[in-house]
Amino acid sequence: MSPAPVLRLRAWALLAALVLVALPWMLEQALQAPPQWRVTQAGHADTVDDERMQALELPHQWRGSCEPCRSIWYRFDVRLAEAPRESLAVYLPLLADNAAIYLNGRLLGQGGRMADPVARLGVLPLWVAAPAALWQPGDNRLYVLLKAEHPWAGLMPAPAVGPEAALQGAWRGRSALAVTAPQVLATAAVALALMLAVLAWYRRRDSGYRQLALAALLFGADGLARLVVEPPVAAAAWDTLLLLIRGALVASLWALLPALGTGAAPAATGWRRPLLLGAGALLAAAAAHEPTGAALAAAEGTLRMALAAAGLRLALRGWRQGAPLALACGAALVLAALADAWRLAPISLPAWLGSEPLPLLHWALVALLGAAAWRQLAGFVQTLNTVEGLNLDLEALVQERTQALQAQFERVRELERREAIAAERERLMRDMHDGVGGHLVAMLAMIENDRRRPGELADVARAALDDMRLMIDSLEPLDDDLNAVLAIFHDRLAPRLRSSGVTLHWAVDLLPALPGLTPARVLHLLRILQEAVTNAMRHGRAQTLWIDAAAAADGGVAIGVRDDGQGFEPGSGRSGRGLKNMQRRADEAGLLFKIRSRPGEGTTVTLQIPAPA
Amino acid sequence: MVAGEPRITEHRPAMHQVLLLEDDPATRERLAGIVAAGPGLALAATFGDLKSALAWLASHEPPQVLLVDLQLPDGSGIDLIRAARRLAPLAESMVISVFGDEAHVVGAIEAGATGYLLKDASGDEIAMAITRLLAGESPISSAIARHLLRRFRAVPGAAPAPPVASPLTPREAEVLQLIAKGLSYQRIAQTLGMSPHTVTSHIKQIYRKLAVNSRGEAVFEAQQLGLLPGAAPP
């Protein structure tokens, strides 16, 4: 980043910090009671004794002026020209612990229990109505009894006495700023803490959620505990608890600081965390031992200083890194701590700076927590977006790979197809060579030798055609149906036998489907059958032919071709070549071939097709 | 004899008139001889090209049988078979084929042919095939049965939406399927638990429906309308 934008960034961040601190301050001043009703002169004493009353100017901070004080009476003289026609009111914008208000000897009201332990109003403003009947023309005497648990916390603000409606408005605004807003913020912080705790449970490796949840929870607890009027435990124990919560809050905020910078900021490890824990433990021990006012004040001051130091550290890092968020938050912390140290100190402020100050550090902490939560959730969202982006990339990649794979499959399939075509082509060539080719060569030889035997020539030509037909039939789509194969054979055979005067007894059963009945096997089968029939007719001079086919017990099929021809002596020269051919074809097609014959008893050819494995 | 020149024989009404369309002169001569010598058969005319055969069919008394080669110099014999449905609705058409394989014969069957002849079949075989066809005897070969089954998807038990509404009853479809499997009529009768006579009548019924669906829609409709005398299907 070039220097100019960095400078501008820093300036904006510092301005934001200033606004962050100034805004609640200005709001606080805007909500003050109208100045004309404020009473700043009072007398005070430790008893209701007008003789001993000493004059002073309010506000009156006990710290430094009355160390052993537990309660002080204040007396105000309110002079009225005539009796008021409407009800008036008395308004105290800030109290130490509790106060009771008396007018002309009558109790107007009090903040809560006055007996020990006294109610702790803290930042709660007090407002009481003073009915018109209680006032008298001329001097009216207004007493306020202020009680505090610790003298260092005692503070008597300048009360306002005036028309009920005007003061009620101021009281409401102050209540909203000092009570309702912290309550809402603390509740929201607890809710945020619960949500973050769930995230932290599922993202145990990411310590950011855990640390932020802890800080938010402690912030909420601190804010809510400070609004408790009647502590449920003994005062000393309650003070210790408050201090412990605040100490833990400061420590947890320290741990959050690195998360607010940019880049890979180091986590609060190494020597820092033990140091923080040690300081916290020391603080708690000191407070719990004897929670005197001085000890508590010192502890509070230390914690404020720790927060200021944290803010300084954060602001410096933000400055160096050009991280506006860290710079703004850090600067706001430092500014708020400085402002508080000044405004809450026992010195009287110039009038234009206002009075009855509320701590500003609280608002800076809200900004700090909000920034940390924003950073954490932004990181969460960014992670989600990144993951989604990665998912999209992955999807695209998967799609790409799928397409590549598909193309690969296509190539393999195409190769397989080509191989299958090549194998089939080779088979057809071989079959044509064995069958038609052989017949044509024989015909050619006959013609060239001019043996002039037209009958023989026609036989060979017919044999060639028959063989062609067998090849074509074997290529029909037969769907592993042996019945269809035999049906074709029958349709080819029947007319020829009929015209030759041979009787055919055809007895074919319904046969089981035979998967693996390839064209090659069908052709072998048809050729064997054809050869068997041709032998029966030509050599055996058969008059009757029995062809049957039936399912075998093993799931295969048995086909029989029987004739009543002359028969032959197995092993004799005449049968040799044809039988060898049939046997070879049967072997190639995986068929069991048997031939049985005796001279004068006809011939039986049996083919067994085994059941598919 | 010159291809394309019709050779008209003497007309004898008692004989079954046969028209022959074949472009190869030697084969034509051989087939013509076989037909002329065949009992009860007479050669009405022979042609070597499609055009003259069509012209003759349009202008003469229709024959009872057409023997048609498919691959001709000026077109496909299927056109003649198709024309015969209109011009000679009662005629039987047979395809002359070298191999009688389904790829070649199916188109002709679709057009209305009822059978085929193999070119190298002996004279006796050819004459017998024609006379058996005219007698209406067993005209359905296993190949034709398979073709019909495929066309009607009439395979019992495996029937997706049929492309053509099957005109066959389930029983007829079963018979047709067993014919496609090459079973003898006796075996078919045994398998289906009927008499051989019933099988024959089923086959005749199938053939009648086949004729209606492929060849003789006009005839069938004419019969239904009472326009023609009850010409019994072969």
Side-chain angles (χ1 to χ4, degrees), chain A residues 436 439 455 457-513 526 529 546-551 557 559, chain B residues 26-27 30 34 38 94 97-106 115-133 137-147 149-150 155-156 158 174-192:
Chain A
V436 180
H439 292 307
L457 207 55
D459 278 351
V460 179
R462 187 159 288 133
L465 272 170
D466 281 346
D467 202 72
M468 281 291 281
R469 249 177 234 131
L470 291 184
M471 280 182 68
I472 288 168
D473 287 346
S474 74
L475 293 173
E476 276 209 32
L478 294 168
D479 306 328
D480 299 331
D481 186 354
L482 188 59
N483 272 123
V485 177
L486 295 176
I488 291 174
F489 184 65
H490 173 265
D491 289 346
R492 297 277 189 223
L493 188 63
R496 185 165 297 170
L497 291 183
R498 212 180 290 125
S499 68
S500 308
V502 176
T503 312
L504 172 64
H505 292 279
W506 184 262
V508 172
D509 284 343
L510 276 182
L511 304 172
L526 288 174
L529 292 176
W546 290 268
I547 297 183
D548 54 67
V557 171
I559 303 173
Chain B
T27 309
R30 176 167 174 263
I34 291 168
M94 293 184 94
S97 162
V98 177
F99 295 117
D101 55 304
E102 186 174 332
H104 283 95
V105 176
V106 157
Y116 58 85
L117 293 174
L118 294 177
K119 282 188 184 178
D120 67 317
S122 69
D124 286 353
E125 280 179 59
I126 290 172
M128 204 181 283
I130 296 171
T131 47
R132 282 164 71 93
L133 184 65
E137 204 180 311
S138 181
I140 302 180
S141 72
S142 69
I144 295 177
R146 259 208 318 284
H147 166 71
L149 284 172
R150 219 166 288 153
V155 184
E174 282 175 337
V175 170
L176 195 59
Q177 198 172 26
L178 295 183
I179 292 172
K181 283 180 173 291
L183 262 61
S184 68
Y185 290 2
Q186 286 79 2
R187 276 295 153 102
I188 294 173
Q190 276 174 20
T191 308
L192 298 179

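Chain letters run A, B, ... following the sequence lines, proteins first and then strands; every chain starts at 1.
Residue B/Leu178 touches chain A through its side chain alone, counting heavy-atom pairs closer than 4.5 Å. Neither the backbone nor the side chain of A/Leu486 comes within contact range of chain B; no heavy atom of the residue lies under 4.5 Å from a heavy atom of that chain. Heavy-atom distances place no part of B/Ala129 under 4.5 Å from chain A, backbone and side chain included. For B/Thr191, the part sitting under 4.5 Å from any heavy atom of chain A is the side chain, from C-beta outward, and nothing else. Looking at A/Ala458, neither its backbone nor its side chain comes within 4.5 Å of chain B, counting heavy atoms on both sides.
If you take CD on B/Gln177 and CG on B/Leu183, they are separated by 10.5 Å, rounding to the nearest 0.5 Å.
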Under the criterion side-chain contact (heavy atoms from CB on, under 4.5 Å), I'd like the reasoning laid out for A/Ile547 against A/Leu529: C-alpha separation, chi angles, the key distance, then a yes or no.
CA-CA 10 Å; A/Ile547 297 183; A/Leu529 292 176; 5.9 Å; no
Verdict with reasoning, A/Met468 to A/His439, per side-chain contact (heavy atoms from CB on, under 4.5 Å):
CA-CA 11 Å; A/Met468 281 291 281; A/His439 292 307; over 6 Å; no
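Looking only at distances, a side-chain donor or acceptor of A/Trp506 sits under 3.5 Å from a matching main-chain atom of B/Gly182.
With A/Asn483 as the partner, the side-chain contact (heavy atoms from CB on, under 4.5 Å) test is satisfied by one option alone out of A/Ile488, A/Asp509, A/Val508, A/Val557: A/Val508.
Among A/Leu511, A/Leu510, A/Asp466, the residue with the largest count of heavy-atom pairs under 4.5 Å with chain B is A/Leu510.
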